[in-house]
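To start, the structure under review is shown below, and the notes come after it.
Residue numbering restarts at 1 for every chain, and letters A, B, ... go by the order of the sequence lines.
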Amino acid sequence: MVRRIPRGRVATYGQVAELAGLARQPRLVGYALHALPSTTTVPWQRVINARGMVSLRPGGDGWLRQRLLLEREGVLFDARGRVSLEKFRWHPSRRWPVKKVRK
DNA sequence: ATAGTGACTGGAA
DNA sequence: CTTCCAGCCACTA
């Protein structure tokens, strides 16, 4: 699911969980990302919390790395280290039908 | 089996 | 607008 998030856009844990069919289990998304190998090609940096902030230890290595990766792809952070979800949230175009397409 | 711990969240304060 | 807090539930020891 995370691989679908386009460059320069972000999604929240809850959003990813929802889209992945794991409603109400955003933490599971966090566990999954936490378990990724350092060599992963999954764009994990594009997943942030519902407050628009990086959910890693503030000031820590991971925190800084995630922020740099995002800024590198055009995501802006305000002075308080927050991303405007209104501007950068990814809105997936419904492609794989939820149920059955009418017609 | 029990208890503690979160890469979380929505709602209350 | 912000911070706080209870609910959350898989995972681990």
### Query
Which pair of non-hydrogen atoms, one from A/Val47 and one from A/Thr12, has the smallest distance, and what is that distance?
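Shortest heavy-atom contact: CG1-C, 4.2 Å.
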
### Message
Tell me whether the side-chain N/O atoms of A/Gln25 come closer than 4.0 Å to OP1 or OP2 in B/dC8.
### Response
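Result: no.
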
### Task
Considering just the side-chain nitrogens and oxygens of A/Thr12, establish if one lies under 4.0 Å of OP1 or OP2 belonging to B/dT9.
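So the side-chain polar atoms of A/Thr12 do come within 4.0 Å of the phosphate oxygens OP1 or OP2 of B/dT9, strictly under.
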
### Task
Nearest 0.5 Å please: distance from the NE2 atom of A/His34 over to the OG atom of A/Ser55.
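Separation between the atoms: 13.0 Å.
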
### Query
Would you say A/Met53 and A/Leu76 are hydrophobically clustered, going by side-chain heavy atoms of ILVMFWY under 4.5 Å?
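Each belongs to a different hydrophobic cluster.
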
Distances for protein N or O near nucleotides 1-4 of chain C N or O, under 3.5 Å:
from: C/dT2; atom 1: OP1; to: A/Arg80; atom 2: NH1; distance (Å): 2.4
from: C/dT2; atom 1: OP1; to: A/Arg82; atom 2: NH1; distance (Å): 3.1
from: C/dT2; atom 1: OP2; to: A/Arg82; atom 2: NH1; distance (Å): 3.0
from: C/dC4; atom 1: N4; to: A/Arg51; atom 2: NH1; distance (Å): 3.3
from: C/dC4; atom 1: N4; to: A/Arg51; atom 2: NH2; distance (Å): 3.4

Whole angstrom is fine here: how far is it from [atom1] in [X] over to [atom2] in [N]?
X       : N      : atom1 : atom2 : result
A/Leu22 : B/dC8  : CG    : C1'   : 13 Å
A/Arg57 : B/dG6  : CZ    : P     : 13 Å
A/Leu85 : B/dG10 : CG    : P     : 11 Å
A/Tyr31 : C/dC8  : OH    : P     : 15 Å
A/His34 : B/dG6  : NE2   : P     : 10 Å
A/Arg24 : B/dG11 : CZ    : P     : 12 Å
A/Arg27 : C/dC9  : CZ    : P     : 11 Å

### Task
Decide if atom CG of A/Asp61 counts as having more than 12 heavy atoms of other residues, nucleotides or ligands within a radius under 6.0 Å.
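No, not enclosed.
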
### Query
Between A/Arg46 and A/Arg7, is a side chain to side chain contact (heavy atoms under 4.5 Å, CB included) present by the stated rule, with each step listed?
CA-CA 8 Å; A/Arg46 295 173 192 159; A/Arg7 254 188 84 202; 3.0 Å; yes

### Message
Could you check whether any side-chain N or O of A/Gln45 sits under 3.5 Å from a backbone N or O of A/Gln66, counting only pairs where one atom can act as donor and the other as acceptor?
### Response
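Checking the backbone N and O of A/Gln66 against the side chain of A/Gln45, no donor-acceptor pair under 3.5 Å is found.
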
### Task
Using a heavy-atom cut-off of under 4.0 Å over every strand shown, decide if A/Leu28 touches base, sugar-phosphate, or nothing.
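Sugar-phosphate, backbone atoms only, no base.
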
